[in-house]
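Report on one structure; see the data block that follows.
Because the structure is predicted, anything quoted here is derived from the model rather than measured. Atoms within each ligand, like the ligands themselves, are counted from 1 in listed order.
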Amino acid sequence: MGLLDRLSDLLGLKNKEVHVLCLGLDNSGKTTIINKLKPSNAQSQDIVPTIGFSIEKFQSSSLPFTVFDMSGQGRYRNLWEHYYKDRQAIISVIDSSDRLRMVVAKEELDTLLNHPDSKHHRIPILFFANKMDLRDAVTSVKVSQLLCLENIKDKPWHICASDAIKGEGLQEVQNEILINVELPQI
Ligand code: G3D
Ligand code: MG
């Protein structure tokens, strides 16, 4: 069973539409990851830079999924907050090889975590420490430290190392992050 199917299964979202918000700085690999999460017959061959944001709707097993792929480019970042409310889970993608912008990634994450629509809601967050294949990549443990993930107490979260090009690490979501989740009305 794929990651999205397990997500919907664990959240008990049978026969409903599942909304997942995918966030991260530009070039971190969001669109590549979302593409790999789609059923193989719906995957694109070419990934083009996302302008603003794109909404991907696809069927995963029997369930319709909507993934909001938010551009990380600075001028579009304030769009994120309009979508905080409208999600059952968040996927946050980090370029593990981009040490220079890790501090910006942390600022963006802090903005998300401190937003009134996000704070105190038990929305599961799945972090992908992406681009693990690159020589400059730091480990997922190091990414976790740089982003101070251990300070997140009000949300279940998990970090996975991934190589989105090969599709490695994308299905390894741990069940425990997805239990005890307060679901918004959908
Ligand atoms: P974004 O949607 O977060 O902006 P994209 O990022 O999915 O458009 O990916 C940005 C670039 O990073 C793309 O390269 C993509 O192929 C590459 N990429 C994504 N994931 C990985 C990964 O795990 N490893 C490596 N090495 N590269 C990755 P281009 O060259 O098309 O700009
Ligand atoms: Mg993109």
Side-chain angles (χ1 to χ4, degrees), residues 2-4 7 18-58 60 65-84 86-113 115 118 123-147 149 157-174:
L3 183 152
L4 294 176
L7 184 70
V18 182
H19 291 175
V20 177
L21 189 59
C22 186
L23 301 174
L25 300 183
D26 56 292
N27 204 46
S28 55
K30 299 178 295 298
T31 307
T32 310
I33 286 182
I34 292 168
N35 192 47
K36 278 279 166 23
L37 294 176
K38 291 182 195 173
S40 49
N41 59 358
Q43 291 181 5
S44 321
Q45 297 307 310
D46 297 316
I47 302 295
V48 293
T50 313
I51 310 288
F53 70 96
S54 71
I55 299 178
E56 297 276 355
K57 285 177 182 281
F58 52 91
S60 188
F65 265 90
T66 304
V67 179
F68 297 85
D69 178 1
M70 310 302 292
S71 166
Q73 286 177 38
R75 65 184 181 281
Y76 296 113
R77 244 170 251 156
N78 61 0
L79 277 175
W80 293 6
E81 61 182 325
H82 295 296
Y83 294 90
Y84 287 169
D86 190 26
R87 70 305 165 253
Q88 281 84 46
I90 292 173
I91 291 176
S92 173
V93 183
I94 299 107
D95 179 346
S96 312
S97 70
D98 192 353
R99 280 294 299 266
L100 274 180
R101 291 201 306 163
M102 203 66 80
V103 62
V104 185
K106 182 179 182 317
E107 280 168 19
E108 297 295 350
L109 176 64
D110 290 345
T111 306
L112 166 75
L113 296 173
H115 192 278
S118 158
I123 316 152
I125 310 183
L126 177 60
F127 294 95
F128 284 116
N130 195 37
K131 303 201 183 182
M132 272 303 156
D133 54 303
L134 296 183
R135 212 184 41 194
D136 291 342
V138 295
T139 64
S140 58
V141 172
K142 186 72 186 166
V143 171
S144 178
Q145 285 167 353
L146 290 167
L147 298 180
L149 298 188
W157 60 269
H158 181 69
I159 186 162
C160 304
S162 63
D163 171 350
I165 302 232
K166 292 205 196 80
E168 287 171 8
L170 300 183
Q171 304 298 341
E172 293 158 17
V173 59
Q174 287 189 0

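For ligand 1, the atoms closer than 4.0 angstrom to any heavy atom of Thr32 are 5 (P), 7 (O), 9 (O), 15 (C), 19 (C). Counting the atoms of ligand 1 from 1 in the order shown, those under 4.0 Å from a heavy atom of Asp26 are 4 (O). Near Ala164, the atoms of ligand 1 lying under 4.0 angstrom from a non-hydrogen atom of the residue are 20 (N), 22 (C), 23 (O). Residue Asp163 approaches ligand 1 through these ligand atoms, each under 4.0 Å from one of its heavy atoms: 22 (C), 23 (O), 24 (N). In the vicinity of Leu134, heavy-atom distances shorter than 4.0 Å reach the ligand 1 atoms 26 (N).
Judged by distance alone, with hydrogens and angles left aside, the side-chain atoms of Arg101 form a donor-acceptor pair with the main-chain N or O of Asp26 at under 3.5 Å. Side-chain N or O atoms of Lys30 include one that pairs as donor or acceptor with a backbone N or O of Leu25 at under 3.5 Å. Lys36 contributes a side-chain N or O that, together with a main-chain N or O of Ala164, makes up a donor-acceptor pair within less than 3.5 Å. The backbone N or O of Ser140 lies less than 3.5 Å from no partner atom in the side chain of Ser144, so there is not a single donor-acceptor pair.
Residue contacts with ligand 1 for Val93 are absent, since no atom lies close enough (heavy atoms, distance under 4.0 Å). Of all the heavy atoms of Asp133, the ones lying under 4.0 Å from any atom of ligand 1 belong exclusively to the side chain.
By the 4.5 Å heavy-atom criterion applied to side chains, Lys142 and Arg99 are counted as neighbours.
Between Gly29 and ligand 1, a contact under 3.5 Å exists for at least one N or O pair.
Taking 4.0 Å as the cut-off, Ser28 counts as a neighbour of ligand 1 on heavy-atom distance. Remark: distances from the non-hydrogen atoms of Leu25 to ligand 1 include one below 4.0 Å.
Under 2.8 Å from the Mg ion (ligand 2) lies an N/O/S atom of Thr31, whether from backbone or side chain.
Of the listed residues (Thr32, Asp133, Asn130), just one forms a side-chain hydrogen bond (donor to acceptor under 3.5 Å, both in side chains) with Ser162, and that residue is Asn130.
When the heavy-atom distances from atom 22 (C) of ligand 1 to Lys166, Met132, Lys131 are ranked, the shortest goes to Lys131. Nearest residue to atom 21 (C) of ligand 1 from Ile165, Leu170, Leu23 is Ile165 (criterion: closest heavy atom).
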